[in-house]
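What follows is a set of notes on a single structure, which appears directly below.
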Amino acid sequence: SSTPSTPAPAHQQHTRSPPTQRSITMHATTQLHKPAFTSRSASRPARWATQTSAAARSSSGVTRSSASPAAETAPPLQFKHVLLAVLDKQTFLTEGSKAAVAMAAEISLKATAKITVLVVEDPDTSNEPQKQLETVGWHLRDRGCSTYELLHRVVTEPGPAGVLISEAADELGVDLVVLSSAAVHAKHINMNLLADVLDVPLLLVPY
């Protein structure tokens, strides 16, 4: 009679069988197509590295200016006397004239230049010139300019506003004339004539 087989001990019943050829092949294939690990630091954009290096330079006390050499060596404004020409129908000034006043005030403050206001009175372009002069003075003071001169000239012939501005610029010895483009759009002044007779730079403030 056959002897009954004795069951294997519990720790031997679950012994892993040797891997078959197929499992070995699948394991090798999985390892072959597994994506490579990429560190987060390597995937950061290049600009991160630039910012990090800039921060490191700043913390170490080393700073570098990003401005171009031309901007760093640009000379300050050299204007000494600015003529602000006003040709406006409105007593309290149009927005275009206000923009020209603001520009003249900014130049005066930056260049410590003197300002002379010239209100050109013309039947078609001026309304109560004395009040216009007071209005311009108020806007200049509001912009921080406390020292200025006020002039009033009357046009006696059709279209010579440019000549009056040029003559005033020569008499005062100014080195810059400021004018609103609104006066040109409204045809209060002939720019071709002004360009012919004016001998100093003209700043046309856009509006």
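All values below were derived from every heavy atom in this structure, side-chain atoms included, with hydrogens, water molecules and symmetry-related copies excluded.
Within the model, atoms SG of C145 and NE2 of H139 stand 13.0 Å from one another, a figure rounded to the nearest 0.5 Å. With rounding to the nearest 0.5 Å, the separation of OG in S97 from CD in Q90 is 8.5 Å. Distance CG/D199 to CG/D175: 13.0 Å, rounded to 0.5 Å. Annotation: the span from Q132 atom CD to H152 atom NE2 amounts to 8.5 Å, rounded to 0.5 Å. Taken to the nearest 0.5 Å, the CG atom of N192 stands 9.5 Å off from the CG atom of L194. Interatomic distance, OH of Y207 versus OG1 of T94, reported as 7.5 Å (0.5 Å rounding).
Between K131 and E134, no side-chain nitrogen of the basic residue sits less than 4.0 Å from a carboxylate oxygen of the acidic one, so the salt-bridge criterion is not met. With salt bridges taken as basic N to acidic carboxylate O contacts below 4.0 Å, one links E171 and R153.
Contact annotation: the side chain of V155 approaches that of L164 to within less than 4.5 Å [non-hydrogen atoms, C-beta and beyond]. The shortest side-chain heavy-atom distance between L151 and V117 does not fall under the 4.5 Å cut-off. Y148 has its side chain within reach of R141: a pair of non-hydrogen atoms, C-beta onward, lies under 4.5 Å apart.
For T116 (side chain) and L83 (main-chain N/O), no donor-acceptor pair under 3.5 Å exists by modelled atom type.
When all heavy atoms of V136 and V86 are compared, the pair lying nearest together is CG2-CG2, 4.2 Å. Minimum heavy-atom separation, L179 to I189: CD2-CD1, 4.1 Å. Closest approach of V200 to V174, counting heavy atoms only: CG1-O, 3.3 Å. Across all their heavy atoms, G173 and H81 have their closest contact at O-CB, 4.4 Å. Considering every non-hydrogen atom in both I115 and S108, the closest pair reads CD1-CB, 3.4 Å. Here the closest heavy-atom approach between residue T135 and residue F92 is recorded as OG1-CD2, 3.6 Å.
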Next item on the list: Would you check, one step at a time, whether the test side chain to side chain contact (heavy atoms under 4.5 Å, CB included) holds for V82 with K114?
Entry: CA-CA 6 Å; V82 178; K114 178 182 177 181; over 6 Å; no

Next item on the list: Decide yes or no on side chain to side chain contact (heavy atoms under 4.5 Å, CB included) for L87 and I165, but give the supporting numbers first.
Entry: CA-CA 10 Å; L87 297 92; I165 295 174; 4.0 Å; yes

